[in-house]
S.K.: 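Please find one structure pasted underneath; my questions will follow.
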Amino acid sequence: MPRDYNPSAVEPKWQKKWEEAKAFSFDLDKAKDPFYCLVMFPYPSGARLHVGHWFQYSIPDSWCRFQRMRGKDVFHPMGFDAFGLPAENYAIKTGTPPAESTKENVDNMIVQFKRMGVMYDWDKALNTSTPEYYRWTQWLFLQMHKNGLAYRKDGNVNWCPSCQTVLANEQAQDGHCERCGTEVIQKPLTQWYWNITKYSQKLLDGLETIDWPEKTKIMQRNWIGRSEGCDVSWKVDGKDIVLETFTTTVDTIYGVTFAVISPEHPLIDQLITDEHKATVTAYKTLATKKTDLDRMMGDKGKTGVPTGSFLIHPFTGAKVPLWVADYVLMNYGTGVVMGVPAHDQRDMDFAKKYDFPIVQSIESESGETFVYDDVDKYNVKGKIIDSGEFTGLPILEGRKKITDTLTKKKIGKAKIQYKLRDWLVSRQRYWGAPIPVVYDPGGNPHPIPEEHLPWLLPTDVEFKPTGKSPLTYSKEFIARTEKIFGKGWRPEFDTMDTFVCSSFYYLRFLAEGNMEKLVEKEREKKLMPVDFYIGGPEHACMHLIYARFVMMALKDFGIVSHDEPFQRLFHQGLITNKGAKMSKSKGNVVSPDELVQKYGSDIFRMYLMFMGPFGEGGDWSDTGIKGIDRFVQRVYRLITEKVNKKVEQSSGLTAGLHAVIKKVSDDAERLHFNTAISAMMEFLNAAEKEEAISEETAKIFVQLLSPMAPHLAEELWEHMGGKGFVIDQEWPTYDEAMLVTDSMTIAVQVNGKVRGQITVATETPEKEIIAQAKSNPNVQKFLEGKDPKKEIYVKGKLVSLVVS
RNA sequence: GCCAUGGUGGCGGAACUGGUAUACGCGCACGACUCAAAAUCGUGUUCCCUCACGGGAUUGUGGGUUCAAGUCCCACCCAUGGCACCA
């Protein structure tokens, strides 16, 4: 099938020329007005790039090309998030060492990216699994440790039985493993944590300073989960024990009719009376066996058993029965909750089931009882009732007064509580950065001195999932540790969560392999924060929160000068297949290879852009790629056959040209390439109707085209004798005055309905336009000889006449 | 249950601060070229009535504001994403 434009010859030609001319190399120190644009780096999978990759990486490339032509020094690096489970699972299956398969995959992906024609500076590419990179992952751990932000703690952790490793809370959000979907169980283990909770408030405050989608900020706010409330101390009747409860609504304290304690609470054994020992022990065993998911099953499924102990109410002195119930979480608040059935739905469910009295202690403005819900939990109007000295106070005032009174009596104090928990960074996996810690013969941990970094990942391991860290079986690893630190010393066998690797990679792009420093201060100051960061919304409470934490911590350590890593964030849409997310495991990944082979990179990526706005994505279908192919062929023919140096351009086409410059500039800026392309199509339709088009017009059109179809544009630019690369040309500007045409079409409405159109010269005065509108025959018909009551003229658009 | 986003032709989707809804493209139909097909070019294409001129209806549903509503307000329905015993 002979076609005029042949991408399979043209595209490699320009890719070669760009490479030879080093057109995309970026000098970090010489950049005058640097603009740092980053797309979340990919995992180097063994499969070929799929439609989603093309969408995610080619469209930002076009955006960066556009910004570059507008005069910005665009820094748009690429790397590989190369540690992780798939390579290890592949090793378990085939015996191929992860280092080998990963390197091969990375090399393959680079070839494919080059075929795409993206303008990455490959000299700056990163691979997080190389010792040159993970040396800094380990260095970061040492910094965290040195500054008291890394610690070891034992306790129950989220364990994925399929991945055979622990998971951070963020990676087990709905009780299922973020990677494989297996139900997560609880397991007692001693693990390394990073103290992200120390930054809870800062993470919250920082959101006000960055330009991120509101929905992502909301997700982070919910995940951090700040609540203002009050701790209250309760004496246990007949025992020398004081229990703390946390509540956000201390105004309801006179409504307390019971209290509940978490089965995991450390003091629980001392609180059980003999007659309840058997039932509580049985209940505790049952609770630990349940998964988090079972425990959350339905609000009505609340269960509990009495401890036999009673708490003394701090104001009334009443004896409040204390029960054990697994709806009370040990890792939020204090692990003990005061039960106020009249004003809390959960307490009400529990009280109804076990027959506790329901005592009202607040009422709404209209004197009715109500249960606090999420909507107006903190700003309810109404007043306190039947509450001793506090009776009659407005709710908010009473809440404060009660808190103050408790504080004065030293049996309570105001408290801010967060849902965020510390980041568990240990993983019982092989393919990750080893945690740079060794243990002395007494089992005490010691950070490895920096001079021993990179603390190399050993290679003498067998890839068998045993539930123990694979590094446990490395003879070399243990021998190395003993040689350096002494007999009986042991290395830490766990590796780090791969989210640690990706929490600082944006800084490492600025280092260009510098082994002395994580990042050079001057460069960091100049190029950070990332001006435009692109990635999926699924990272809202994982990568995007970890990276912010790490950046803030590094600032406090004096390493960097900014608090926030990503100034502006943009979420690309998701390309689905028959409504389902594409994934290798589901086997529904669509390969673009055939289409790219047939149509070339330009046409394929332009088609992806034409599908809709970049932020929206959509269901995949290749019907319609023909339309872009036709467009490209027609453009090629127009420029190669119809350009005439001597022709005087018609005023209509000139106005069209200025309009298309404006439209493409505005739309490309907000990543709405779909409408930018349709504007270019409209211009092409008009241009084809002309006898010839001027070289000037043609060159501008090719410049507009070049971010979206870079190879085609270079080819046409060369054809017209343009100097240098079109990518190095300045972006065309438009003249507002040229957008005005000689005549305009005005719609005429009668009683809100369009009844006719008139065409008038642009400068026609309003009176004249209205007169002409009224004399239009079809309009006359609807005026029925009457004079309009109201006559409205909207400049350049329409005339609205109202008769009745 | 709560929070967020969205609902426009056969399909992907346009429509800026309220101002001619359905741009652009796909698909489809008819025509030209061709022995024929593909490709290409031309014409038409929201639905209903009409040979036509023209008219009526229409942006998830029902109300409202306005000369004028896809756009603003109220109520509801549906879809997608996120959170979900956080005291």
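Just so it is clear: chains get the letters A, B, ... in the order the sequence lines come, proteins before strands, and each one is counted from 1. Keep in mind that what you see is a predicted model, and the values were worked out from it rather than measured.
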S.K.: From C-beta outward on A:K797, which listed nucleotide comes closest to its side chain: B:rC16, B:rG13, B:rA68?
M.R.: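 The answer is B:rC16.
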S.K.: Can you check nucleotides 24-27 of chain B for protein contacts, nitrogen or oxygen pairs under 3.5 Å, and list what you find?
M.R.:
from	atom 1	to	atom 2	distance (Å)
B:rG25	OP1	A:N685	ND2	3.4
B:rC26	OP1	A:R630	NH1	2.5
B:rG27	OP2	A:R630	NH1	3.4

S.K.: May I have the distance from A:Y332 (atom OH) to B:rA84 (atom P), rounded to whole angstrom?
M.R.: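 The answer, rounded to whole Å, is 13 Å.
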S.K.: If you look only at pairs with a residue in residues 664-673 of chain A, which of them pass as a salt bridge (charged side-chain N to carboxylate O under 4.0 Å, His left out), with sequence neighbours excluded?
M.R.: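 Residue pairs passing salt bridge (charged side-chain N to carboxylate O under 4.0 Å, His left out), neighbours aside: A:R70-A:E669, A:K662-A:D666, A:K663-A:D667, A:D667-A:R670.
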S.K.: Which atoms of nucleotides 53-59 of chain B (N or O only) lie under 3.5 Å from a protein N or O atom, and what are those distances?
M.R.:
from	atom 1	to	atom 2	distance (Å)
B:rG55	OP1	A:R755	NH1	3.4
B:rG55	OP1	A:N778	ND2	3.2
B:rG56	OP1	A:R755	NH2	3.2
B:rG56	OP2	A:R755	NH1	3.0
B:rA57	OP2	A:K753	NZ	2.7

S.K.: I'd like to check A:E594 versus A:K598 (side-chain heavy atoms, cut-off strictly below 4.5 Å). Are they in contact?
M.R.: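 Sidechains of A:K598 and A:E594: no contact.
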S.K.: In terms of the nearest nucleotide of RNA chain B, which residue is placed more toward the 5' end: A:N751 or A:R421?
M.R.: A:N751
S.K.: Please identify each residue that fulfils side-chain hydrogen bond (donor to acceptor under 3.5 Å, both in side chains) with A:S775, with sequence neighbours left out.
M.R.: none
S.K.: Side chains of A:D347 and A:Y327: is there a donor and an acceptor less than 3.5 Å apart?
M.R.: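 Note: A:D347 and A:Y327 side chains meet the donor-acceptor criterion.
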S.K.: Mind calculating the distance between CD (A:E214) and P (B:rG81) to the nearest angstrom?
M.R.: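 Taking atom P of B:rG81 as the reference, CD of A:E214 is at 21 Å.
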S.K.: Compare side-chain N and O positions of A:N222 against OP1 and OP2 of B:rC3 and report whether any pair is under 4.0 Å apart.
M.R.: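 Looking at the OP1 and OP2 atoms of B:rC3, neither is under 4.0 Å from any side-chain N or O of A:N222.
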S.K.: Expressed in angstrom and rounded to an integer, what is the separation of A:M744 atom CE from B:rG19 atom C1'?
M.R.: 14 Å
S.K.: Parallel, tilted or perpendicular: which describes the rings of A:F258 and A:F350, with under 30° parallel and over 60° perpendicular?
M.R.: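 Ring orientation of A:F258 relative to A:F350: tilted.
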S.K.: I need the NZ-P distance between A:K689 and B:rC41, as an integer number of Å.
M.R.: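 Result: 12 Å.
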S.K.: Checking all strands, does A:T675 fall into the base, sugar-phosphate, or nothing category for heavy-atom contacts under 4.0 angstrom?
M.R.: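 The residue A:T675 makes sugar-phosphate contact but no base contact.
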S.K.: Across all strands, who's sitting opposite B:rU20 as a Watson-Crick or G-U wobble pair, both distances under 3.5 Å?
M.R.: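 Looking at the geometry, B:rU20 pairs with no nucleotide.
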S.K.: Could you list the residues that satisfy side-chain hydrogen bond (donor to acceptor under 3.5 Å, both in side chains) with A:S621, not counting sequence neighbours?
M.R.: A:T623
S.K.: Return the 5'-most residue of the pair A:Y418, A:P613 with respect to RNA chain B, ranking by each residue's nearest nucleotide.
M.R.: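 The residue whose closest nucleotide sits nearer the 5' end is A:P613.
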S.K.: A:Q360: what forms a side-chain hydrogen bond (donor to acceptor under 3.5 Å, both in side chains) with it, not counting sequence neighbours?
M.R.: none
S.K.: Without decimals, in angstroms, what is the distance between A:D231 CG and B:rA87 C1'?
M.R.: 11 Å
S.K.: Take A:R399 and A:V250 through the side chain to side chain contact (heavy atoms under 4.5 Å, CB included) test and state the conclusion after the steps.
M.R.: CA-CA 6 Å; A:R399 192 179 290 169; A:V250 75; 3.8 Å; yes
S.K.: Taking the minimum atom-to-atom distance to the side chain of A:R637, which one of B:rC85, B:rC41, B:rA87 wins?
M.R.: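 Between B:rC85, B:rC41, B:rA87, the one nearest the side chain of A:R637 would be B:rC41.
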S.K.: State the CE-NE2 distance between A:M219 and A:H539, to the nearest 0.5 angstrom.
M.R.: 12.0 Å
